[in-house]
There are 2 protein chains.
Amino acid sequence: MTPDLMTIREMCAAFDVTPRTLRFYESKELIFPVRQGTRRLFTRRDRARLTLILRGKRFGFSLEDLRQLLDLYDRDGSQEPQLRRTYEIASERLAQMERQRAELDVAISDLKEQLAWGAEVLASFRQPAAE
Amino acid sequence: MTPDLMTIREMCAAFDVTPRTLRFYESKELIFPVRQGTRRLFTRRDRARLTLILRGKRFGFSLEDLRQLLDLYDRDGSQEPQLRRTYEIASERLAQMERQRAELDVAISDLKEQLAWGAEVLASFRQPAAE
DNA sequence: GTTGACGTTGACGTAAACGTAACGTTACGT
DNA sequence: ACGTAACGTTACGTTTACGTCAACGTCAAC
C-alpha cells in the first residue's frame, strides 16, 4: 500500500498538503526527494521527516527550528546527546506555550469583563435612566 | 499634567509606543493629530482612540478591525446600534480566543506526552536494555 | 553661526509560510 | 501525431505591524 517511493500527488493525499508545500519544504532543505528525471519521488525518509515536521508545526516550531532539529539527527543519528538536546528545546517550547496560554487567559477574562460592561450599558438603553 | 495637546514624545512616554508607531497609526487613519506647522500634536480624542486601539490589540483585533470599529463611532456617536454591533464583534472574537485556547491546550498536552516519552527513552540510555 | 535634539516624509526591509501566476516540459491516451 | 493532464521552475504577491535608514527642516541654546 505504501510503496517505497511516492509521487508528489500521493504525498499530498497522504499528508493533506499541497504540492507547493512539498516543493517549498524541499527548497528549505527539510526533505530531499530523489529525482526521476525532473520529477520528485519521496522516500520513506522523507515521509518520516514530513511526519515530524507536521507534528512540530502543531507545537509551534518554525520550519527553521525543525530543519535544525532534523539536521541534528542527520549528522549523528538518534543518539543520546541529540535526543537530550531535542528534549531541552521542546521543554523550552512548552514553557513558551504555557506563557502564551497564560496571556491568552488574561486577555480572555479581560474581554469578558468588557463584554459584561457593554451588556450593562446595552441594558440601560431599555430602561432609560431607571432606578 | 495631561495638557490638551501632547507632542509625539509625550505620547510615546505616556503610552509606551515608538514615534514610528504613532506615525504609522496616523497613516492608517486610526488617529488624527493636528499640525502645528509640520509637527504633530495629539488631542484628547487621539488619546482616547489610542487607548482603545492598544486595548483592542491585546484582544487580538487587527488595526484594520479597530479602524472600522472606531469609524463606526465617529459616524454616529456611541448610540445603541453601534454599541450592539461592537458587542457582537467582541463576542465573536471571544469565541475565537476560546477556540484558540482549546487548541493550545491540546497542543500543550500533546507536547507533554512527547516529552514524557522522550524522558523514558533518555532514561533507557542509562540502564541499557534493563529489566 | 553652529551644534544638537527633535521632527518630518518617503521608501525599503523584515518575518513566515506558502499562494499564485506565467510559462516550459513530460507522459500518456487515442 | 496531437491534445491535455500533470509536473516542473522561477519569481513575485500576500499579510501585519512596524523597524530602519536617508535626507532634510526647525528651533532653542551656546
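Source: prediction; values computed, not measured. Sequence lines set the chain letters: A, B, ... in the order given, protein chains first and strands last, and positions in each chain run from 1.
- As a whole-Å value, the separation of A:Leu22 CG from D:dA6 C1' is 15 Å.
- Here B:Arg23 lies in heavy-atom contact (under 4.0 Å) with a base.
- For the pair B:Arg67 CZ and D:dT15 P, the computed distance is 15 Å after rounding to whole Å.
- Computed from coordinates, the B:Phe42 CZ to C:dT8 P distance equals 7 Å when rounded to whole Å.
- Atom pair A:Gln36:CD and C:dT26:P shows a separation of 13 Å (rounding to whole Å applied).
- Here A:Arg67 does not pair with A:Asp74 in a salt bridge; the nearest charged N to carboxylate O distance is not below 4.0 Å.
- Between the P atom of D:dT16 and the CD atom of B:Glu64 lies a distance of 8 Å, rounded to the nearest Å.
- When each of D:dC18, D:dG8, C:dT8 is scored by its nearest atom to the side-chain atoms of B:Lys57, the top-ranked nucleotide is D:dC18.
- As the counterpart of D:dA29, C:dT2 is assigned, both hydrogen-bonding distances of the Watson-Crick or G-U wobble pattern falling under 3.5 Å.
- Between A:Arg35 and B:Tyr25, the residue anchored closer to the 5' end of DNA chain D is A:Arg35, taking for each the nucleotide with the nearest heavy atom.
- The pairing partner recorded for C:dC23 is D:dG8, the criterion being a Watson-Crick or G-U wobble arrangement whose two distances lie under 3.5 angstrom.
- Both B:Leu63 and B:Arg39 sit near DNA chain D, but only B:Leu63 has its closest nucleotide nearer the 5' end.
- Pair assignment for C:dT30: D:dA1, on the basis of Watson-Crick or G-U wobble contacts that are both within less than 3.5 Å.
- Using a cutoff of 4.0 Å between basic side-chain nitrogens and carboxylate oxygens, B:Arg35 and B:Glu26 are scored as salt-bridged.
- One finds no salt bridge joining B:Glu98 and B:Arg101 here, because no Lys/Arg side-chain nitrogen approaches an Asp/Glu carboxylate oxygen to under 4.0 Å.
- A salt bridge is absent between A:Arg75 and A:Asp71; no separation between the charged side-chain nitrogens and carboxylate oxygens falls under 4.0 Å.
- Looking only at distances, a side-chain donor or acceptor of A:Glu10 sits under 3.5 Å from a matching main-chain atom of A:Thr7.
- Among the atoms of the strands shown, only primed sugar atoms or phosphate atoms (P, OP1, OP2) are found under 4.0 Å from some heavy atom of B:Thr18.
- To the nearest angstrom, C1' of D:dT14 lies 13 Å from CZ of A:Phe24.
- Residue order along DNA chain C, read from the 5' end via each residue's closest nucleotide, puts B:Arg40 first among A:Arg20 and B:Arg40.
- Atom CE of A:Met11 is separated from atom P of D:dC7 by 13 Å (rounded to the nearest Å).
- Distance B:Leu41 CG to D:dT26 C1': 14 Å, rounded to the nearest Å.
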